[in-house]
Amino acid sequence: MTASVKENSFKRAILKGEVQLGLWLSLCSNIVADATKDAGYDWCLVDMEHSPNEVPSVLAQLQAQEGGTCSSLVRPYWNDTVLVKRLLDIGAQTLLFPMVQNAEEAASAVKSTRYPPRGVRGVSMTQRGNRYGRASDYFAQCEQETCVLVQVETLEALENVEEIAVVDGVDGVFFGPADVAASMGKIGDINNQAVWDVIFEAAEKVITLGKPVGTLIGDVARIRECIDRGFTFIACGSDLGLVARGAEGLLANVRKG
């Protein structure tokens, strides 16, 4: 039996300028991934950088998200060629690379997702990404269906953002307000206007170059502003935040009542 490479609907949507709203998944739970896949989000990101996810737990969550409304994204814990190879082999199609500081690091991220001679990804003939060898068009089509997003989150990276954005194979630039705030000496103050002023300035440069931009922010007014300014993919919050704040809110309401 033969199969075809899965179409990356998230990549197609952001390249067409369609706003995609997402949810961060940090609880390392395939049940949470299953419970949220039909909540209506356009994408859900499985995070490895700031949560104790490893490849097997990422795989379980990717499997749980199959058939839902959301596209699956993964953030590796670093720009690591070996890790990227393993994530692609288990079927990840969209990767968000953290802490990309310059064009060289962006190019390294892209190369880790490409087979030789265009990159350095090792070749496995039978893996989940190619439907266990059944996707006969995998080697011809996988690059087209792979989406590389790079995370800009320091003042140094913001200064280099145009060079980062134009690297061949970079499909989008994601701005991390928490780390930008820390880089500006405003750690924890992620909705500070000065932080967003520098983000918006950099984002405008990227949008002018024709590349999609995204971010993570839970403030509804800020989300609306981002959309108005041309941001294409925005995470509205996280599963961990929903559980923590929801638990507090429930107890507060009961005690008040």
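- Residue pairs that meet the side-chain hydrogen bond (donor to acceptor under 3.5 Å, both in side chains) test with at least one member in residues 197-222, sequence neighbours left out, are Asn191-Arg222, Gln193-Asp197, Gln193-Arg222, Arg222-Glu225.
- Residues Arg131 and Lys6 have side chains in contact (heavy-atom distance under 4.5 Å, counting atoms from C-beta outward).
- Of the possible donor and acceptor atoms, none in the side chain of Gln141 sits under 3.5 Å from a partner among the backbone N and O of Asp137.
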Passes side chain to side chain contact (heavy atoms under 4.5 Å, CB included), Phe200 versus Cys226? Steps please.
CA-CA 8 Å; Phe200 287 143; Cys226 287; 4.0 Å; yes

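- Ile223 contributes atom CD1, which lies 8.5 Å from atom CG of Leu216 (distance to the nearest 0.5 angstrom).
- Looking only at distances, a side-chain donor or acceptor of Asn253 sits under 3.5 Å from a matching main-chain atom of Gly249.
- Judged purely by atom type and a 3.5 angstrom limit, Lys85 has no side-chain atom pairing as donor or acceptor with the backbone of Val120.
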Could you give me the CA-CA distance, side-chain angles and deciding distance for Leu88 and Leu95, then say whether side chain to side chain contact (heavy atoms under 4.5 Å, CB included) is met?
CA-CA 9 Å; Leu88 294 174; Leu95 299 179; 4.1 Å; yes

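- Phe97 and Val166 fall into different hydrophobic clusters, where Ile, Leu, Val, Met, Phe, Trp and Tyr side chains are chained together by heavy-atom contacts under 4.5 Å.
- Between the Lys37 side chain and the Gly67 main chain, no donor and acceptor come within less than 3.5 Å of each other.
- In this structure, the side chain of Thr36 does not engage the main chain of Ala39 through any donor-acceptor pair within 3.5 Å.
- There is a path of hydrophobic side-chain contacts, each under 4.5 Å, that joins Val5 to Phe139.
- Note that SG of Cys70 is 11.5 Å distant from CZ of Phe10, once rounded to the nearest 0.5 Å.
- Salt bridge absent: Arg75 and Glu153 never bring a charged side-chain N and a carboxylate O closer than 4.0 Å.
- Cluster annotation: Ile227 is connected to Ile199 through the hydrophobic network of ILVMFWY side chains, with a link wherever side-chain heavy atoms come within less than 4.5 Å.
- Annotation for Arg12 and Gln144: closest pair NH2-NE2, 3.6 Å, computed over non-hydrogen atoms.
- Remark: Met99 CE to Glu156 CD distance equals 10.5 Å, nearest 0.5 Å.
- Contact record, Val167 with Ala106: CG2-CB, 4.0 Å, taken as the closest heavy-atom pair.
- Between Ile14 and Cys147 there is a side-chain heavy-atom pair separated by less than 4.5 Å.
- The CD atom of Gln65 sits 10.5 Å away from the CG atom of Asp38 when rounded to the nearest 0.5 Å.
- Contact of the Leu242 side chain with the Leu23 side chain is registered, since non-hydrogen atoms from C-beta on lie closer than 4.5 Å.
- Surrounding CG of Asp228 are more than 12 heavy atoms belonging to other residues, nucleotides or ligands, all under 6.0 Å away.
- Summarising the geometry of Trp43 relative to Gln20, their closest heavy-atom pair is NE1-O, 3.0 Å, with the distance given to 0.1 Å.
- Few gaps surround CG on Leu155; more than 12 heavy atoms of other groups in view lie less than 6.0 Å from it.
- The environment of Arg224 atom CZ is sparse: at most 12 non-hydrogen atoms of other residues, nucleotides or ligands sit within 6.0 angstrom.
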Before you tell me yes or no, could you show the steps for Glu145 and Tyr138 under side chain to side chain contact (heavy atoms under 4.5 Å, CB included), namely the whole-Å CA-CA distance, both residues' side-chain angles and the distance that decides it to 0.1 Å?
CA-CA 10 Å; Glu145 302 302 335; Tyr138 184 77; over 6 Å; no

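- No more than 12 heavy atoms of other residues, nucleotides or ligands shown are found within 6.0 angstrom of CD1 on Ile31.
- Checked against the 6.0 Å centroid threshold, Trp24 and Phe174 count as a close aromatic pair.
- A heavy-atom distance below 4.5 Å is found between the side chains of Leu62 and Arg128.
- Between the side chains of Thr94 and Asn8, a donor-acceptor pair is found at a separation under 3.5 Å.
- In this structure, the side chains of Leu158 and Phe175 come closer than 4.5 Å at one or more pairs of heavy atoms.
- In this structure, Gly230 and Val213 approach most closely via the heavy-atom pair O-CG2, 4.2 Å.
- Minimum interatomic distance between Leu87 and Pro76 (heavy atoms only, all atoms of both residues): CD1-CB, 3.9 Å.
- The structure places CG of Asp171 at 6.5 Å from CG of Leu149, a figure rounded to the nearest 0.5 Å.
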Start with the C-alpha distance between Val148 and Arg114, add both sets of side-chain angles, then the distance that settles side chain to side chain contact (heavy atoms under 4.5 Å, CB included), and finish with yes or no.
CA-CA 11 Å; Val148 175; Arg114 280 19 180 184; 4.0 Å; yes

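- Phe233 and Val173 fall into different hydrophobic clusters, where Ile, Leu, Val, Met, Phe, Trp and Tyr residues are linked whenever their side-chain heavy atoms come under 4.5 Å apart, directly or through other members.
- Residue Gly241 comes nearest to Ser238 through the heavy atom pair N-OG, 2.9 Å, listed as atom of the first residue, atom of the second, then distance.
- Interatomic distance, Met48 CE to Ser26 OG, rounded to the nearest 0.5 Å: 12.5 Å.
- Considering only heavy atoms from C-beta on, Ile190 comes within 4.5 Å of Ile217 through its side chain.
- Gln61 and Asn53 share a side-chain donor-acceptor pair at under 3.5 Å.
- Residues Ser51 and Leu27 form no side-chain contact, since every pair of their non-hydrogen atoms from C-beta on lies 4.5 Å or further apart.
- Hydrophobic clustering of Ile, Leu, Val, Met, Phe, Trp and Tyr side chains at less than 4.5 Å, counting indirect connections, keeps Leu96 apart from Val150.
- Inter-residue side-chain proximity for Leu83 and Tyr77 is flagged as met; some heavy-atom pair is nearer than 4.5 Å.
- Each of Thr81, Asp89, Thr146 was checked for a side-chain hydrogen bond (donor to acceptor under 3.5 Å, both in side chains) with Arg121, and the lone residue meeting it is Asp89.
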